[in-house]
Structure formats: structure tokens, C-alpha cells
Trainee: 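Questions regarding the structure given below will be posed in turn.
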Amino acid sequence: MSKSDPGYVAAVEEAEAGFNEGGVPIGACLVAKDGTILGRGHNMRVQKGSATLHAEISALENSGRLPANAYEGATMYTSLSPCDMCTGACILYKVARVVIAENKTFVGGEEYLKQRGIEVVVFDDEKCKNFMKKFIEKTPELWNEDIGEQ
């Protein structure tokens, strides 16, 4: 696992796209066990007025309707530690590994993923931490809403 993996690069690009759109700057990319990108996306709660369109859910949505075995053994790359909802989606679809750009801003269901046998890899990505820092400083109310605090 490295920051040069195509799925990782795509997740960070998606986070940047969300940041540039004024949304929550979290991106994700789902990669099949054979290395094929199944889907990628970013948090669209602000842009689409959605209650549930977090980055990992967006990546799954953009994967389209696939048979269950297409997700099994996949890797979910995400720019921020996944919340409980996104953790559950990774478990439901039998993702084998979750690669997280940063978990200093927020720690989600990492321990639960591990308990369920899912490998968790965390990088300490300054770029993603900076996206989150700038977003939270500018719009703390949106951040709190996104993590269920308001």
C-alpha cells in the first residue's frame, strides 16, 4: 500500500474536488481485488442536499449495481476515517481493506472494521488534513452536521 496507488490518488483527487465545490472535502475510491477501479466519489451532502451521500457511499453509488461478489475482497480508499454509516457499508459489501489518508481530524469505525476482519491502513496525509482543517475553520456548522453533532 502506498500513496501512489491509483485508488489512493483518486480518493485524494475526490477530496480536493469536494473542497473546490464548497462541500465536505472527503473523497473515496473503491478498487476491486484485481485492481480495477469500481467507483469513486466525494461527499456530496452539501452539493446535493443529501442526508447520506458521504464519500464512501458516493463511491459505492458510482460503482453502479454490481453483483455482491464484485465488492468482495475490494479495497476502499478514503481520505478520512469512515463514519459508522460508511464503516457499515464496507462491512456489508465485504470490503477486505480500508485505506485511510488521515484519522487525526476524525476517527470513525476503524476498531470495528478490524474486529470484523477488515484490514485498516492509515497514512498521515498532510494534504487531506489541510483540506479538513480549512473546511472546519470556514464552516464548523457543516462539519458538525456531517458527523451528526448538530
Side-chain angles (χ1 to χ4, degrees), residues 1 3-32 35-68 70-72 74-110 112-113 116 118 120-150:
M1 297 283 95
K3 291 182 181 180
S4 63
D5 290 351
Y8 187 85
V9 171
V12 174
E13 288 173 352
E14 290 290 337
E16 187 168 16
F19 181 80
N20 291 336
E21 293 169 4
V24 183
I26 304 170
C29 183
L30 183 63
V31 177
T36 304
I37 291 179
L38 298 174
R40 55 186 281 177
H42 54 276
N43 186 306
M44 296 290 288
R45 291 189 69 248
V46 172
Q47 298 91 319
K48 293 200 173 190
S50 171
T52 59
L53 205 47
H54 284 193
E56 298 86 348
I57 303 302
S58 181
L60 283 162
E61 177 71 19
N62 291 330
S63 297
R65 185 174 170 202
L66 299 172
Y71 306 106
E72 192 170 345
T75 298
M76 178 67 79
Y77 292 87
T78 181
S79 65
L80 187 66
S81 184
C83 72
D84 290 343
M85 175 178 66
C86 297
T87 293
C90 289
I91 292 167
L92 176 69
Y93 289 105
K94 296 180 177 64
V95 168
R97 179 183 307 106
V98 177
V99 177
I100 301 165
E102 73 103 341
N103 66 353
K104 301 296 186 239
T105 304
F106 176 82
V107 177
E110 294 173 36
Y112 189 51
L113 289 167
R116 296 297 297 264
I118 297 172
V120 175
V121 177
V122 181
F123 293 116
D124 192 27
D125 192 304
E126 288 299 319
K127 185 175 188 176
C128 291
K129 286 194 288 188
N130 287 332
F131 286 146
M132 293 306 301
K133 181 180 179 192
K134 289 176 186 176
F135 175 77
I136 292 168
E137 286 174 354
K138 182 179 174 185
T139 56
E141 69 286 349
L142 288 177
W143 171 242
N144 287 328
E145 176 188 317
D146 197 64
I147 60 172
E149 296 295 321
Q150 290 184 341

Trainee: Donor-acceptor check, side chain of Asp5 to backbone of Met1, threshold 3.5 angstrom: yes or no?
Mentor: no
Trainee: Any side-chain heavy atom of Lys94 within less than 4.5 Å of one from Tyr71?
Mentor: no
Trainee: Quick one: are Cys86 and Thr78 in side-chain contact, heavy atoms under 4.5 Å?
Mentor: no
Trainee: Check each of Val121, Val9, Val31 against Tyr77 using the side-chain contact (heavy atoms from CB on, under 4.5 Å) test, and report the only one that passes.
Mentor: Val31
Trainee: Give a yes or no on whether the backbone of Leu38 and the side-chain of Thr36 come within a donor-acceptor separation of less than 3.5 Å.
Mentor: no
Trainee: Check whether any side-chain heavy atom of Gln47 lies under 4.5 Å from a side-chain heavy atom of His42, and answer yes or no.
Mentor: yes
Trainee: Give a yes or no on whether the backbone of Gly108 and the side-chain of Ser81 come within a donor-acceptor separation of less than 3.5 Å.
Mentor: yes
Trainee: Looking at Pro82, is its backbone amide N or carbonyl O close enough to the side chain of Thr87 to form a donor-acceptor pair, meaning the two atoms are under 3.5 Å apart?
Mentor: yes
Trainee: Hey, are the side chains of Val98 and Glu110 touching, using non-hydrogen atoms and a 4.5 Å cut-off?
Mentor: no
Trainee: Is the backbone N or O of Ser58 less than 3.5 Å from a side-chain atom of Asn62, with the two atoms forming a donor-acceptor pair by type?
Mentor: yes
Trainee: Hey, is NZ on Lys48 packed in by over 12 heavy atoms from elsewhere, all under 6.0 Å?
Mentor: no
Trainee: Is there a donor-acceptor pair under 3.5 Å between the side chain of Asp125 and the backbone N or O of Glu102?
Mentor: no
Trainee: Taking all atoms of both residues into account, what is the closest heavy-atom pair of Thr52 and Met85, and its distance?
Mentor: O-CE, 3.3 Å
Trainee: Give the minimum heavy-atom separation between Ala51 and Arg45, together with the two atoms involved.
Mentor: O-NE, 3.3 Å
Trainee: Can a salt bridge be assigned to the pair Glu137 and Lys134 using a cut-off of 4.0 Å between side-chain N and carboxylate O?
Mentor: no
Trainee: Within the side chain of Ser79, is there an N or O that forms a donor-acceptor pair under 3.5 Å with the backbone of Gly27?
Mentor: yes
Trainee: Under the side-chain contact (heavy atoms from CB on, under 4.5 Å) criterion, do Ile26 and Met132 qualify, and how do the steps go?
Mentor: CA-CA 8 Å; Ile26 304 170; Met132 293 306 301; 3.9 Å; yes
Trainee: Show the nearest heavy-atom pair for residues Ser63 and Leu30, with the distance to one decimal.
Mentor: OG-CD2, 3.9 Å
Trainee: Would you check if Cys128 and Val12 make a side-chain contact, meaning some heavy-atom pair closer than 4.5 Å?
Mentor: yes
